[in-house]
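Structure first, commentary second.
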2 protein chains.
Amino acid sequence: MNDTVPTVPNRLKPRKKPIQARSGATVEAIHEAVIQVLLGEGLTRPTTTRVAERAGVSVGTLYQYFPNKQALLFAVLISHFEDMVAAIERIDVSGPKRPLANLAGDIAEAYVSVKLARPDATTALYRVAGAIDQFRLSTDVYQRLKAAVIRVLRHASNASFDDLDRVAFTLLSALAGLSRGSFGALVSGPEVLERLGDEAFLLCKAYLEAACVENRQS
Amino acid sequence: MNDTVPTVPNRLKPRKKPIQARSGATVEAIHEAVIQVLLGEGLTRPTTTRVAERAGVSVGTLYQYFPNKQALLFAVLISHFEDMVAAIERIDVSGPKRPLANLAGDIAEAYVSVKLARPDATTALYRVAGAIDQFRLSTDVYQRLKAAVIRVLRHASNASFDDLDRVAFTLLSALAGLSRGSFGALVSGPEVLERLGDEAFLLCKAYLEAACVENRQS
DNA sequence: AATATATCTGAACAATCCTTCAGTTAGGAA
DNA sequence: TTCCTAACTGAAGGATTGTTCAGATATATT
C-alpha cells in the first residue's frame with residue numbers, strides 16, 4: 001500500500017526523552033551501531049534489526065527512541081553536522097582581525113579535521129546519506145553551518161564580501177565535493193586523503209580571495 | 001539468505017546486444033523511465049516493476065537488457081557521465097593556446113550546461129546515485145573525464161601544472177560539490193541555479209590560477 | 001507459407017525488511 | 001519489601017520488491 005516515501009517524515013525527533021541514565025547510553029550506542037554496521041564486511045545495509053543487534057539491544061528498544069528508520073539515519077547525519085558546526089565555531093575570532101588567507105586555512109583545517117577524525121566513519125556516513133530517500137539537509141543545522149563560516153569570514157582584515165551567504169554556500173559545497181571525492185577515491189589508495197588537507201586549503205584560499213572585495217592590505 | 005550486497009555486481013553489461021531495431025529503442029525508453037519514475041509524485045523509488053511499467057514494457061523485458069537492478073541504475077548514471085565527458089571533450093583546443101581564465105570559463109560552462117540541460121533529470125540522477133549501494137564511479141568513465149579536463153588544461157598559454165591529475169581531480173570534485181549543493185538547495189528557490197554558472201566559473205578560475213605554476217603572460 | 005529466432009509477457013516465488021505490541025525485566029520511591 | 005513505572009524483549013504481521021521462467025507474440029529467413 002505504501003507506494004511512496006513520506007514527503008516529510010512524520011516524526012524525526014526521538015520518541016522519548018531519556019529519564020534514566022541507561023537510556024542515554026543506549027541512544028549513543030545505537031548511533032554508533034549504524035556506523036559499525038555500515039563498516040561491516042560485505043557492504044551490509046543498516047537494517048533496523050542489524051543496527052539494534054550491533055548496539056546490543058532489541059529492535060523494540062530502537063523503536064522507543066526513533067519513530068522509524070529514516071529518523072534514525074537522519075539523526076546520525078545531523079549529529080555529524082553538529083560536529084562540523086562545532087569545529088568551525090571553534091575557530092578563534094576573538095583577537096585582532098586576520099588576513100583572509102589565514103582564515104581560509106583555519107576553515108579548511110577545521111573542515112578536513114572533522115572528516116579525517118574517523119575516516120571509516122566518514123565513509124559510512126556517505127552511505128547513510130545515500131540510504132535516506134530524500135536527504136535534504138535540515139535547514140536548521142545547515143543555516144548554522146553557514147552562519148559559522150560567515151562569522152569567520154567577517155573577521156578578515158584585508159577583505160570584505162558582497163554576498164556572504166552566497167560565498168559561504170559555495171565554499172561549503174566545494175569543500176563537501178572535494179571531501180566526498182577524496183573518500184570516494186579511497187579505493188585507489190590512501191594518498192588521496194593525505195592530499196585532502198592541502199587541496200582543501202588551496203581551494204578555500206583561492207576561492208575566497210577571488211570572491212572578496214579586496215581592501216587595503218593591513 | 002542474501003544478507004549482503006554483492007561487492008561487485010556480477011554483471012554490469014547489458015544482457016544482450018540489440019539485434020533488431022525495436023530493442024534499441026526499448027533500452028533508451030527504460031533509461032528514461034528511471035528518471036521519470038524518480039520525478040514522479042511522492043518521491044517514488046525506482047522499482048523494477050515501476051520502471052518497466054513507465055517504459056511501457058514488462059519486467060521480463062527489462063531483465064533481458066539488465067542483469068539486475070543495480071546494473072540498470074549504474075547504466076543510467078554512466079550514461080550521464082558520458083554526456084559530461086563529451087561536453088568537455090567538445091571544448092576547442094585546436095587553435096592557438098589560450099589564457100587560463102579563458103579555459104576555466106569553458107570548463108565551468110561545459111560542466112554546468114550539462115547539469116542544467118535538464119534540471120529535473122539532474123535532480124533525479126542524484127537520487128539514482130543514492131539508490132546504488134556502492135557507488136564507486138566506474139574507473140573507466142572517470143578516468144576519461146579527468147583526461148578530458150587535462151587535455152584542456154594543457155592548452156593554457158600562460159600557465160602549466162605540476163600535477164595535472166591532482167588538479168583535475170580537485171577541480172571536478174569541487175564542481176560536483178557545487179552542483180550537488182545547488183540542486184539540493186533547490187527547495188529554497190530556483191535562484192541558486194541561476195547563480196550556479198557564475199559561481200562555477202569563479203571557482204574554476206580561482207582554483208586553477210592558484211594551483212598552476214604561473215608562466216610569463218603571453 | 002512455414003519455420004526459426006528474437007523479443008516480450010506477467011504471474012508466481014522467495015527473500016528481506018519495517019514496524020507493532022503483549023509481555024518481561026530493571027530501577028527508583030515509599 | 002512492595003509497588004509503580006521506565007526500559008527492554010523479540011516473535012509475528014504485513015507489505016514491498018528483485019528475479020525467474022514457461023509460454024505467447026512479433027520479426028526475419030527460407
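Remember, it's a predicted structure, so these values are computed and weren't measured experimentally. In the text below, chain A, chain B and the rest are named by the order of the sequence lines, each starting its count at 1.
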Give a yes/no on whether any side-chain N or O of B:Thr61 is located under 4.0 angstrom from OP1 or OP2 of C:dT9. yes
Please state how far atom CG in A:Leu72 lies from atom P in C:dC17, giving the value in whole angstrom units. 15 Å
Regarding the side chain of B:Thr47, the nearest nucleotide among C:dC8, C:dT16, D:dT17 is D:dT17
Under 30°, 30 to 60°, or over 60°: which ring-plane class applies to B:Tyr142 and B:Phe169, parallel, tilted or perpendicular? perpendicular
Without decimals, in angstroms, what is the distance between B:Gln64 CD and C:dT9 P? 9 Å
Are there more than 12 heavy atoms of other residues, nucleotides or ligands under 6.0 Å from atom CG of A:Asp162? no
Can you check whether B:Thr48 has a side-chain N or O nearer than 4.0 Å to OP1 or OP2 of D:dT17? no
May I have the list of side-chain donor-acceptor pairs in residues 75-84 of chain A shorter than 3.5 Å, sequence neighbours left out?
from, atom 1, to, atom 2, distance (Å)
A:His80, NE2, A:Lys115, NZ, 3.2
A:Glu82, OE1, A:Arg144, NH2, 2.5
A:Glu82, OE2, A:Arg144, NH1, 3.4

When A:Gly60 and A:Pro46 are each assigned the nearest nucleotide of DNA chain C, the 5'-most assignment goes to A:Pro46
Whole-Å distance, A:Asn68 CG to C:dC18 P, equals 11 Å
In whole angstroms, the gap separating P of D:dT20 from CZ of B:Phe66 amounts to 15 Å
Nearest to the side chain of A:Ser58 - C:dT19, D:dT9, D:dT17? D:dT9
Counting only heavy atoms not in B:Glu32, do more than 12 sit closer than 6.0 Å to its CD atom? yes
N/O donor to acceptor pairs below 3.5 angstrom from side-chain atoms of residues 193-206 of chain A, sequence neighbours left out:
from, atom 1, to, atom 2, distance (Å)
A:Glu199, OE1, B:Thr170, OG1, 2.5
A:Glu199, OE1, B:Tyr207, OH, 2.6
A:Glu199, OE2, B:Arg166, NE, 2.9

With the side chain of B:Lys69 defined as its heavy atoms from C-beta on, choose the nearest nucleotide among C:dC18, D:dA7, D:dT19. D:dT19
Euclidean distance, atom CZ of residue B:Arg45 to atom P of C:dC18 [Å, nearest integer]: 10 Å
To the nearest Å, give me how far apart OH (B:Tyr65) and P (C:dT9) are. 10 Å
When rounded to whole Å, the OH to C1' distance for the pair A:Tyr63 and C:dA22 reads 18 Å
State whether B:Arg50 places a side-chain N or O below 4.0 Å from either non-bridging phosphate oxygen (OP1 or OP2) of D:dT17. yes
Between A:Leu62 (CG) and C:dT20 (P), how many Å, whole number? 12 Å
